[in-house]
J.: 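Have a look at this one.
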Amino acid sequence: MNLDELRATAAARHDTCAQIKKMIVSRLDLPIEPAWITDDQPLFGRGLELDSLDVLELYVAIEAEFGVALYDSDMSVFGSVSRLADHVNPALVEQAPTGSA
Amino acid sequence: MESLTSPVKAAHPDGAVYGTVLDAEVALRFSTLDAEYEAIRERAALLDLSGERIIELSGGGATDFAQKVLARDVEYLTAERCMTSLVLAEDGTVVDQVVVWGREDGLLLESSTGAGTRLLEHLRAHAEPGVEITDRTAEHALFGLEGPYAWGVVGRLIDGELAALPFESVVDSQWDGVDILFARTGVTGEYGYKVLVPRESAERLWTKALEQAVPAGQEAVELAMLEVRQPVVRHEAGEGVDVLEMGAGWLVDITKDEFVGRDAVVAAFEGTAERRTVGFSGGTEVPEPGTPVTVGGEKIGEVVHAVHSVGLKSALGLLRLPPDLAAAGLKVTVGDTEVTTLTSPYVTPKSWSTPII
């Protein structure tokens, strides 16, 4: 896989992460710009410091925005924005390149 | 300033291996990395945090001063709460990552391992009338308990009610007739607790805690921190590296009106970063910091820091790459080894699926 193909793969993940950040800021009415959240930032406890009520709100928001139900998932889904992206857009995991760099 | 050594060193297990981390001599290993890592991720580990300096901010101006020198907002931090914040230089580079303990008459700042002297010098350089900056390290010992069953150790050792405190709670409590300061906070993603105990009682508490938990040294703790993307400043914050490149923007509150380093951070948030940090794993050789990252023979970045991950059974580390390539799920070459960039956390803590009962 060449550099352009890697950039395209990375861009797909960045797009999904940006969509998630925008959803989090909008739904939870956070006083920050979505772009200030980093892809690896923890969402609960340390990090964005969301709580269990925020989780319920996010479950509803994720289903409305991405059509994905995460109600029975464990908390690791919310380990970071990028981890959440794997679950709301499984194509990101499937399209990750497997050839040599 | 004298370097720090553990006040309970005499009570450490025989065979402990020591090393120097900045201004502190710390136990790197008490037994083996594998055994200590297993305690952190599967059971309960006891940490000797004597390499972390405890600095008190007191006086009428303590909160205002803390607001100035801390990158996160502590204006409403009560005596029952603690939080983690970066301390920045004017140019936005990281001086240290601290735990801020709220107190009735000021605040306590807990430095990262070995960084206390640098932190103290930075604080004193920004000192203002109305605030006293006092190094309290010699009066106390600081211990940590981390692991999916650390809550059980807290219950048996101190008080079961303390184990289920909300995250980042602080409580004035007692252990065996001694006043202690207790917090629910940690760095490994597992259930984490800290106990600040008067130095004269430290060895007694350490010895008692050893009956309940496995001592873990700096190497195991830093590995577990990396696995959950908890910054280890001395590995990740190089010269000219800002908080966004480091991926530690979440330890800065940019909505706060004023703090040392804010202008540089705002410029970084509004500007176009040249590099971003992303995790990777792959291969068995641990690459040195600065090892080139390539794609098709073209250099695109370099290794920041890497270790051998016991959990992943491969090298694990951080890469600094151009923003458009800093994403999980990519195959790149580090040195001569193909690696894969990762989604954080790189290892899911068992505590996330282990209830406190």
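In this text, all values refer to a predicted model and were calculated from it rather than measured experimentally. Order of the sequence lines fixes the chain letters, A, B, ..., with proteins taken first and strands second; residue numbering starts at 1 for each chain.
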J.: Quick one: of B:Leu244, B:Leu342, B:Leu325, who has the most non-hydrogen atom pairs under 4.5 Å with chain A?
T.: B:Leu325

J.: Test of understanding: with ring pair (Phe, Tyr, Trp, His ring centres under 6.0 Å), list the residues that count as partners of A:Phe66, not counting sequence neighbours.
T.: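 For A:Phe66 there are no ring pair (Phe, Tyr, Trp, His ring centres under 6.0 Å) partners, ignoring immediate neighbours.
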
J.: Can you tell which part of B:Ala248 gets under 4.5 Å to a heavy atom of chain A, answering side chain, backbone, both or neither?
T.: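 The answer is neither part of B:Ala248.
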
J.: Chain B heavy atoms under 4.5 Å from A:Asp40: which part of the residue, side chain, backbone, both or neither?
T.: both

J.: Report which part of B:Pro322 has an atom under 4.5 Å of a heavy atom belonging to chain A: side chain, backbone, both, or neither.
T.: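 No part of it gets close to chain A.
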
J.: Check this for me, if you would: do B:Glu190 and B:Arg41 make a salt bridge, where the nitrogen-to-carboxylate-oxygen distance has to be below 4.0 angstrom?
T.: yes

J.: Identify which of A:Leu3, A:Asp86, A:Asp39 forms the greatest number of heavy-atom pairs closer than 4.5 Å to chain B.
T.: A:Leu3

J.: B:Phe269: what forms a ring pair (Phe, Tyr, Trp, His ring centres under 6.0 Å) with it, not counting sequence neighbours?
T.: A:Trp36

J.: Return the option, out of B:Thr348, B:Asp324, B:Leu251, B:Ile300, with the maximum number of heavy-atom pairs under 4.5 Å with chain A.
T.: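 The answer is B:Asp324.
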
J.: B:Tyr191 vs B:Trp151 aromatic rings, parallel, tilted or perpendicular, using cut-offs 30° and 60°?
T.: perpendicular

J.: Let me know which of B:Tyr149, B:Phe182, B:Phe167 forms a ring pair (Phe, Tyr, Trp, His ring centres under 6.0 Å) with B:Tyr193.
T.: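 Single ring pair (Phe, Tyr, Trp, His ring centres under 6.0 Å) partner of B:Tyr193 among B:Tyr149, B:Phe182, B:Phe167: B:Phe182.
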
